[in-house]
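This report refers to the structure that appears directly beneath it.
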Amino acid sequence: METPPRALPSALASALAFGSSGAVLVLEIVALRLVGPYVGVTLQVSSSVIGVALAAIAYGAWLGGRLADRYDPRALLAPALILGAIGTALTLPLVRWGGELLRGGAAPAVLMLAALAIFLPAFVLSTIAPMVVKLQLGDLRRAGSVVGRLSSIGTLGAITATLVTGFVFVAAMPSSAIVLSLAVLLAVSGLILGWWLRRDMPGSPRMRAALAAVGLVGAGLGATSPTPCDLETAYHCARVDEDPARDGGRTLILNSARHSYVDLNDPRHLEFEYVQWIGAVLDDLRPGPVDALHIGGGGFTVPNYLRTTRPGSDQLVLELDGGLVDLDEQKLGLVTGPDLRVRVGDARVGLAAQATSSYDVVVGDAFGHLVVPWHLATREMAADVARVLRDGGIYAQNVIDYPPNRFIRAEVATVAAAFPHVALIAPPEAIAGGHGSNFVILASKSPLPVETVRTGLTGVKQPVTLLTGKELEDFVADARVLTDDYAPVDQLLAG
């Protein structure tokens with residue numbers, strides 16, 4: 001009868017189960033941030049990363065079990081940790097060079113980039129748990145308790161890693177530092193475990209040297225691989241590009257999307273077309289200072305425009321990303337003060353804290369990559385905007401959509417469910433479904449100054465259409481109102 005491999009000490013077995021599962025979850029969370037600059041941060045991207053990670057865990061557990069039955073698991077644990085470290089270190093160059101080739105939001109590109117970001121290290125690290133279980137099964141009468149204990153410890157490791165990464169690591173260091181630190185930790189753990197077990201890795205000292213060399217190369221590639229970010233905040237890969245055609249012109253890039261344009265020398269200059277439309281609407285408000293609420297800050301183009309064109313206005317900006325506010329102050333000339341305040345946090349929560357009938361204008365320009373976050377696109381959200389607006393106040397919401405315009409039609413229907421007066425600004429070709437575009441929804445509890453706004457829009461660079469009344473009803477057609485219970489904004493945008 002073959003002698004079973006000697007069991008590991010219980011504490012060591014628990015540490016391996018805890019650590020290997022935790023490492024996979026750290027990689028899963030960081031992978032979402034690594035792929036964002038190339039394919040965005042959407043429900044499809046999140047689903048792809050989670051799905052690829054689960055596939056890697058499943059295949060890794062299957063292979064680990066097969067290997068544990070054929071070989072002494074004690075000889076495989078240290079190499080698995082070191083190979084996991086190598087795969088982790090290679091994640092950065094694979095994603096950052098592969099991302100340039102796969103840039104965009106097409107489903108195959110998203111799946112491929114998700115696989116580059118997590119599959120290899122998650123697959124290797126997931127082989128560890130069944131090996132540890134095999135080593136601890138010295139008495140089949142205790143199989144249930146052994147498997148249950150190690151499974152629960154592995155799950156606790158995953159939970160701990162998820163919470164610590166989300167609440168601590170992401171806020172404390174860039175994603176590249178998290179990945180490289182994890183790679184070093186796994187490599188050191190593998191070397192210490194191999195020394196403690198007094199087992200050579202598979203093959204000879206040359207094999208150990210080769211693995212170490214590959215690990216060093218992977219770490220070097222990861223450390224030197226190109227990064228698309230000037231700053232990695234808690235939510236964005238952010239970069240500021242200078243405009244060679246305009247002195248003082250700066251473009252804010254968030255996760256590969258051109259998010260805002262700021263002229264450091266002239267806050268009145270509005271480069272993006274949809275901002276010109278919003279500027280034309282703001283110019284037609286009653287004369288004098290206004291109280292304005294901005295849902296989303298971005299480059300603070302519109303708040304700075306209002307500050308310049310309507311001095312004395314009181315403005316509050318609800319911005320989720322505090323790191324982005326810091327970048328705006330450092331590179332985009334943002335100066336906050338009593339007349340322009342910033343509340344860092346979720347816009348829905350910040351909106352709920354505002355007093356009823358306290359604003360003359362609300363500007364909605366919050367995006368997760370190219371789509372309005374779903375909880376900011378519902379009837380309940382629109383109703384809360386209506387609550388904080390004064391009679392005669394205007395809500396201007398920026399939306400991006402592509403043919404066949406499913407999302408914008410649903411969003412207009414949603415806003416119309418909370419406001420009695422609604423209009424839509426967009427290029428005529430976009431309304432006809434010819435191409436994707438920004439759309440600006442206007443809404444008010446009082447009749448909109450349609451003709452005044454239409455006259456103001458004649459001064460923008462490109463011709464636009466202002467849809468109202470029956471034309472707008474025909475455009476919306478039978479689109480469904482989005483609610484907190486049903487708001488598939490990513491799917492609607494995907495068409």
Side-chain angles (χ1 to χ4, degrees), residues 12 15-37 49 52-53 56-57 60 77-99 113-114 116-129 154 156-196 211-238 323:
L12 177 58
L16 286 170
F18 187 94
S20 60
S21 297
V24 172
L25 265 294
V26 171
L27 289 168
E28 183 175 340
I29 294 174
V30 175
L32 288 167
R33 301 177 60 75
L34 292 178
V35 304
V49 170
V52 168
I57 293 169
L77 289 173
L81 285 171
I82 294 175
L83 288 172
I86 294 170
T88 299
L90 288 173
T91 290
L92 291 177
L94 287 174
V95 171
R96 286 178 173 168
W97 284 322
L113 198 56
L116 291 176
I118 192 172
F119 187 86
L120 178 60
F123 172 75
V124 174
L125 292 170
S126 296
T127 65
I128 293 175
L156 288 174
I159 294 171
T160 302
T162 299
L163 296 176
V164 173
T165 303
F167 284 91
V168 180
F169 291 160
V170 168
M173 62 182 77
S175 297
S176 55
I178 297 174
V179 171
L180 292 176
S181 298
L182 180 61
V184 170
L185 179 61
L186 290 170
V188 170
S189 299
L191 292 173
I192 292 175
L193 180 63
W195 171 83
W196 187 83
L211 287 174
V214 172
L216 288 173
V217 170
L221 289 173
T224 59
S225 58
T227 174
C229 313
D230 285 344
L231 173 70
E232 187 175 339
T233 71
Y235 298 93
H236 298 105
C237 168

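Just so it is clear, the structure is predicted and the values come from calculations on it, not from any experiment. The first residue in the sequence is number 1, and the count goes up from there.
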Next on the checklist: The test is side chain to side chain contact (heavy atoms under 4.5 Å, CB included); show your working for Thr88 and Val124 and say whether it passes.
Outcome noted: CA-CA 10 Å; Thr88 299; Val124 174; over 6 Å; no

Checklist entry - Does the pair Leu90 and Ile86 meet the rule for a side chain to side chain contact (heavy atoms under 4.5 Å, CB included), with working shown? => result CA-CA 6 Å; Leu90 288 173; Ile86 294 170; 4.0 Å; yes

Checklist entry - When you look at Leu185 and Ser181, which way does the side chain to side chain contact (heavy atoms under 4.5 Å, CB included) test go after all the steps? => result CA-CA 6 Å; Leu185 179 61; Ser181 298; over 6 Å; no

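With sequence neighbours excluded, the residues satisfying side chain to side chain contact (heavy atoms under 4.5 Å, CB included) with Val52 are Ala114, Ala115, Ile118, Phe119. For Phe169, there are no ring pair (Phe, Tyr, Trp, His ring centres under 6.0 Å) partners at least two apart in sequence or on another chain. Ile159 pairs by the side chain to side chain contact (heavy atoms under 4.5 Å, CB included) definition with Thr155, Leu163, not counting sequence neighbours. With sequence neighbours excluded, the residues forming a side chain to side chain contact (heavy atoms under 4.5 Å, CB included) with Ser126 are Val24, Ile57, listed by chain and number. For Thr233, the side chain to side chain donor-acceptor pair (under 3.5 Å) partners at least two apart in sequence or on another chain are Asp321. For Ser20, the side chain to side chain contact (heavy atoms under 4.5 Å, CB included) partners two or more places apart in sequence, or in a different chain, are Ile128.
Within the model, atoms CZ of Arg96 and OG of Ser176 stand 5.0 Å from one another, a figure rounded to the nearest 0.5 Å. Residue Thr165 holds its OG1 atom at 8.5 Å from CG of Leu182, rounded to the nearest 0.5 Å.
Counting only distance, with no hydrogens or angles, the side chain of Thr160 and the backbone of Gly157 share no donor-acceptor pair below 3.5 Å. At distances below 3.5 Å, at least one donor-acceptor pair connects side-chain atoms of Thr91 with backbone N or O atoms of Gly87.
In terms of heavy atoms, Leu186 sits closest to Ala85 at CB-CB, 3.7 Å. In terms of heavy-atom proximity, Ile29 sits nearest to Ala161 at CD1-O, 4.5 Å. In terms of heavy atoms, Val30 sits closest to Ser175 at CG1-CB, 3.8 Å. Here the closest non-hydrogen pair linking Ile82 and Ala187 is CG1-O, 4.2 Å. When all heavy atoms of Val35 and Ala117 are compared, the closest pair comes out as CG1-CB, 3.9 Å. Residue Gly98 comes nearest to Leu116 through the heavy atom pair CA-CD1, 4.4 Å, listed as atom of the first residue, atom of the second, then distance.
Applying the salt bridge (Lys or Arg N to Asp or Glu O under 4.0 Å) definition to pairs two or more places apart or across chains, those involving residues 21-36 are Arg33-Glu232. The salt bridge (Lys or Arg N to Asp or Glu O under 4.0 Å) pairs that include a residue from residues 157-172 number zero, where partners must be two or more places apart or lie in different chains. For residues 167-196, the set of pairs meeting the salt bridge (Lys or Arg N to Asp or Glu O under 4.0 Å) definition, not counting sequence neighbours, is empty. Listed by first and then second residue, the salt bridge (Lys or Arg N to Asp or Glu O under 4.0 Å) pairs that reach into residues 165-193 come to none, sequence neighbours excluded.
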